[in-house]
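Every value quoted in this text rests on a predicted model; they were computed, and no experiment measured them. Just the heavy atoms: all of them, side chains too, but no hydrogens, waters or symmetry mates, feed the values below.
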Amino acid sequence: MPSKHPKYGDASYMVFLAEDTLFHIPIWQLRESPYFRDMIDECHTGSEGEGKSDENPIGLGGITAFEMASFLDALNARFLPGDPNLQFQQWAAALHLATMWNFDALRKDIITHVNKTISSASPMDRIDASLKCKVEEWLHPAYQVLCERENGLTNEEAKHLGLERAAAIWRIRESRYTAKSSGCWNCQSSSVYCRNCGQYEYNRPQGNPSNPGNVAERIKGEDVLKFE
């Protein structure tokens, strides 16, 4: 009689319910996580037969179908050729569940992949993912984008960040400028209205705006912008 492979010989799966959508996950994949491995080995799945049929799935309260689908896409992407075609929001959702359920290898794989393209994600998405998924290296560079970009915070961004963090970013942005210039800092015209540029006087940037060092240090000095 042939023996079953300890990892790939089990064709059984567990059934989960996220919102109003059912998900079937092979048990051999769930065993990557100590959280689920203990649950499977101890048969601790709540009521009798829970997770073994569509009629009696394991309910995932607080987890959306989008998050669950993104997690499974990332989990299975490791077994497929080519680069996974997932958006940052999908990677972030997958990373959140991988972190929560202790899929350590998957978590490392997702972070490595996202690091290659993270600059294309919005700074607000990067901040949220950093704090929610406990990835410290993503946080300060995202704050730095908000501090150095031409436009200030939008009302929606300020509301999402909260008063203290929004105020800290405002302070850092303001620290890059003096009160007023004596004229046009662009072409050095002394007139309040610059006929050369066709604009009124600007606030003069302090130092070299292309040098991010000063901003990065100021971000580190703001307690409310620290990683926790």
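Ile118 contributes atom CD1, which lies 5.0 Å from atom CZ of Phe88 (distance to the nearest 0.5 angstrom). To the nearest 0.5 Å, atoms SG (Cys147) and CG (Leu153) are separated by 8.0 Å. Annotation: the span from Ile40 atom CD1 to Arg31 atom CZ amounts to 5.0 Å, rounded to 0.5 Å. Put simply, CG on Leu22 and CZ on Phe16 are 11.5 Å apart, with the number rounded to the nearest 0.5 Å. Atom OG of Ser12 is separated from atom NE2 of His24 by 12.5 Å, given to the nearest 0.5 angstrom. Rounding to the nearest 0.5 angstrom, the gap separating the CD atom in Gln87 from the CG atom in Asn85 is 6.5 Å.
Between Thr154 and Arg149, the shortest heavy-atom distance links the atoms N-NH2, 4.2 Å. Heavy atoms only, all atoms of each residue included: Leu106 and Ala74 are closest at CD1-O, 3.7 Å. Leu131 and Arg165 get closest at one heavy-atom pair: CD1-NH1, 3.5 Å. The minimum heavy-atom distance linking Cys133 with Ala92 is given by the pair SG-O, 3.6 Å. Residue Trp138 comes nearest to Ser130 through the heavy atom pair CB-CB, 3.9 Å, listed as atom of the first residue, atom of the second, then distance. Nearest heavy atoms, Phe23 versus Ala18: CE1-CB, 3.8 Å.
Between the side chain of Arg218 and the backbone N or O of Ala168, no donor-acceptor pair lies under 3.5 Å. Judged by distance alone, with hydrogens and angles left aside, the side-chain atoms of His140 form a donor-acceptor pair with the main-chain N or O of Leu225 at under 3.5 Å. The main-chain N or O of Ile219 is never found under 3.5 Å from a side-chain atom of Glu222 such that the two would form a donor-acceptor pair.
A donor-acceptor contact under 3.5 angstrom links the side chains of Asp125 and Ser122, judged on distance only.
More than 12 heavy atoms of other residues, nucleotides or ligands sit less than 6.0 Å from atom CZ of Phe66. Within a 6.0 Å sphere centred on CG of Asp54, other residues, nucleotides and ligands contribute more than 12 heavy atoms. More than 12 heavy atoms of other residues, nucleotides or ligands lie within 6.0 Å of CH2 in Trp101, so this atom counts as buried by the packing criterion. Summarising the local packing, CD of Glu19 is surrounded by more than 12 heavy atoms from other residues, nucleotides or ligands at distances under 6.0 Å.
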Kindly determine whether Asp73 and Gln90 satisfy side-chain contact (heavy atoms from CB on, under 4.5 Å), including the steps that lead there. CA-CA 9 Å; Asp73 284 340; Gln90 293 172 284; 4.1 Å; yes
How far apart are the C-alpha atoms of Ile127 and His160, what are their side-chain angles, what is the distance that settles it, and do they pass the side-chain contact (heavy atoms from CB on, under 4.5 Å) test? CA-CA 11 Å; Ile127 290 168; His160 186 78; over 6 Å; no
Would Ile63 and Met100 count as a side-chain contact (heavy atoms from CB on, under 4.5 Å) if you check the C-alpha gap in whole Å, the side-chain angles of each, and the deciding distance to 0.1 Å? CA-CA 11 Å; Ile63 295 174; Met100 183 170 66; 3.6 Å; yes
Applying side-chain contact (heavy atoms from CB on, under 4.5 Å) to Asp109 and Thr112, what does each step give before you reach the verdict? CA-CA 5 Å; Asp109 288 344; Thr112 297; 5.6 Å; no
Please evaluate residues Lys220 and Glu217 with respect to the criterion salt bridge (charged side-chain N to carboxylate O under 4.0 Å, His left out), reporting the C-alpha separation (whole Å), side-chain torsions for both, the decisive distance (0.1 Å), and the verdict. CA-CA 5 Å; Lys220 292 178 182 178; Glu217 288 303 314; 3.7 Å; yes
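In this structure, the side chains of Asp128 and His96 stay at 4.5 Å or more apart for every pair of heavy atoms. Between Met39 and Met14 the shortest side-chain heavy-atom distance falls below 4.5 Å. Between Met124 and Leu161, some side-chain heavy-atom pair lies under the 4.5 Å cut-off. Side-chain contact between Val135 and Val114: absent, with no pair of heavy atoms (C-beta onward) separated by less than 4.5 Å.
Among pairs with a residue in residues 86-108, none fulfils salt bridge (charged side-chain N to carboxylate O under 4.0 Å, His left out), at least two apart in sequence or across chains.
Under a hydrophobic-cluster definition in which Ile, Leu, Val, Met, Phe, Trp and Tyr are linked whenever side-chain heavy atoms come within less than 4.5 Å, directly or via other members, Trp170 and Val224 are assigned to different clusters. Hydrophobic clustering, with ILVMFWY side chains joined whenever heavy atoms are under 4.5 angstrom apart, keeps Val145 apart from Leu139.
Between Phe103 and Phe36, the ring-plane angle classifies as tilted under the 30° and 60° cut-offs.
Here Trp91 pairs with His113 under the ring pair (Phe, Tyr, Trp, His ring centres under 6.0 Å) rule; sequence neighbours left out.
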